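One-based numbering along the sequence shown. Everything numeric in this text was worked out from a predicted model, so none of it was measured.
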Amino acid sequence: PPPSSLRMSYGYAVPTGVVMQPQQVMMAPQQPGYFVQPTYAVPVGYAMPAATDPAWEQFKACDMDHNGTVSPKELQNMLAATGLVLSMQTCAQLVKLHNKRSNPNDSTPDALNYDEFKEMQTFLNNVRGSFEHFDRSKNGALDAGECTQALQHAGFGNVEQTAVATAMKAFDPDQSFSLSLDQYIAFSLFFFGARKAFDAFDRSDATQVGRITIDFNQFVYAMSMTR
């Protein structure tokens, strides 16, 4: 089973033996692990956080309107320029996952600041590293068995292959019974949202650890967490 730290954070770690390359997604590789503790905040006006930090230059290039944050659309454009084409919904989910600012009065709630942008970089690099590691046939796609192994490695230790195969259908429009990298990223984000919603209800009922009972309104809320 995955280490307890992974089970708690549900984050991707680079599989053993996988060497991350700078060109794999869009940036130089970061350290393994999903949550990255920021070491500084980026002041308004683009004060350079570190003279040798390549991520800062990438952040500035991605922030096309120079407002100090990266929106889903800006993220989509940058990724497409590197050859990774993701839907707007997938990019919005990436932003939602890494936007740690919960203040409802924040003027840019649907965008990433610099520290969040770096966490998102790490996440994408590690998802791709996991994808390539579990692509045993090296055909650029993961079947249900490979997806199950990758998810279990990411911290979803109790997920079953039958559930994975069923969920895959929503991300496999051509019914190839496998997922390409862009499809797998969207698929992974779905599982992160599902786990987050499940845990919220699971914690509310200490008598049913690992099982939940919800009404329709709660079900609608839970489904919204996966979008």
Side-chain angles (χ1 to χ4, degrees), residues 1-39 53-56 58-59 62 70 72 75-76 78-80 82-87 90-100 112-136 138 140-143 145-159 164 167-168 171 178-196 199 226:
S4 59
S5 60
L6 284 182
R7 291 199 297 271
M8 293 175 62
S9 66
Y10 302 103
Y12 277 89
V14 177
T16 302
V18 174
V19 178
M20 302 302 295
Q21 299 297 325
Q23 70 272 19
Q24 283 190 320
V25 177
M26 59 178 180
M27 70 297 285
Q30 306 292 324
Q31 293 297 317
Y34 168 59
F35 291 106
V36 178
Q37 296 297 324
T39 56
D53 189 352
W56 177 241
Q58 294 158 0
F59 178 82
C62 190
V70 170
L75 177 61
Q76 184 187 44
M78 181 187 69
L79 292 174
T82 69
L84 181 58
V85 179
L86 300 180
S87 69
T90 298
C91 291
Q93 287 178 299
L94 277 169
V95 169
K96 180 180 179 181
L97 178 65
H98 295 92
N99 184 353
K100 304 302 190 297
L112 301 177
N113 64 22
Y114 177 62
D115 291 321
E116 294 162 345
F117 180 79
K118 291 183 71 175
E119 290 186 19
M120 183 275 304
Q121 287 183 319
T122 298
F123 176 83
L124 281 181
N125 269 343
N126 289 347
V127 170
R128 183 158 191 168
S130 181
F131 179 91
E132 294 181 350
H133 176 76
F134 290 102
D135 179 14
R136 309 297 190 188
K138 303 305 177 185
L142 300 185
D143 60 25
E146 292 167 336
C147 281
T148 302
Q149 292 176 343
L151 288 172
Q152 290 174 343
H153 180 268
F156 300 92
N158 59 346
V159 67
V164 171
M168 283 177 63
F171 302 90
S178 62
L179 300 180
S180 59
L181 176 60
D182 60 309
Q183 294 169 338
Y184 180 71
I185 291 172
F187 178 74
S188 297
L189 289 168
F190 163 77
F191 267 86
F192 276 100
R195 182 78 263 181
K196 183 177 180 180
D199 285 349
T226 69

- prompt: In Å, rounded to the nearest 0.5 Å, how long is the span from CG of D135 to CG of L181?
  reply: 10.0 Å
- line: So CG of L84 and CE of M78: to nearest 0.5 Å the spacing works out to 9.5 Å
- prompt: Where is the tightest heavy-atom contact between Q58 and Q121, given as atom of each residue plus distance?
  reply: OE1-NE2, 2.7 Å
message: Going by the rule side chain to side chain contact (heavy atoms under 4.5 Å, CB included), which residues pair with Q76 if we only count those two or more places apart in sequence or in a different chain?
response: K73, M88, C91
message: For a side chain to side chain contact (heavy atoms under 4.5 Å, CB included) check, start with the C-alpha distance between V85 and D182, then their side-chain angles and the critical distance, and finish with the verdict.
response: CA-CA 7 Å; V85 179; D182 60 309; over 6 Å; no
query: Looking only at heavy atoms, what is the nearest atom pair of E146 and A141, with distance?
result: OE1-O, 3.5 Å
query: For F191 and F156, which heavy atoms make the closest approach, and how far apart are they?
result: O-CE2, 3.5 Å
- prompt: Of the options N126, L142, L179, which is the one that meets F131 in a side chain to side chain contact (heavy atoms under 4.5 Å, CB included)?
  reply: L142
query: Are side-chain heavy atoms of T90 and L189 found at a separation under 4.5 Å?
result: yes
query: Going from CG on L112 to NZ on K100, what distance comes out if it is rounded to the nearest 0.5 angstrom?
result: 8.5 Å
task: Please determine if D53 and K118 form a salt bridge, counting it only when a charged side-chain N lies under 4.0 Å from a carboxylate O.
output: yes
query: Where is the tightest heavy-atom contact between C147 and M168, given as atom of each residue plus distance?
result: SG-SD, 4.1 Å
Under the side chain to side chain contact (heavy atoms under 4.5 Å, CB included) test, residues paired with A92 that sit two or more places apart: P72
field: Centroid separation Y184 to F134 less than 6.0 Å
entry: no
- request: For residues H133 and H153, determine if any side-chain heavy atom of one lies less than 4.5 Å from a side-chain heavy atom of the other.
  value: no
task: Could you check if a side-chain atom of I185 sits within less than 4.5 angstrom of a side-chain atom of L124, using non-hydrogen atoms only?
output: yes
message: When you compare the side chain of F123 with that of E119, does any pair of heavy atoms fall below 4.5 Å?
response: no
task: Give, for atom CG of N99 and atom CE of M120, the distance between the pair rounded to the nearest 0.5 Å.
output: 12.0 Å
task: Evaluate the ring planes of F187 and F171, with Trp represented by its six-membered ring, and classify them as parallel (under 30°), tilted (30 to 60°) or perpendicular (over 60°).
output: perpendicular
task: First locate atom CG of L86, then atom CG of L75, and finally report the distance between them rounded to the nearest 0.5 Å.
output: 7.5 Å
query: From L94 CG over to E116 CD, what is the distance, rounded to the nearest 0.5 angstrom?
result: 12.5 Å
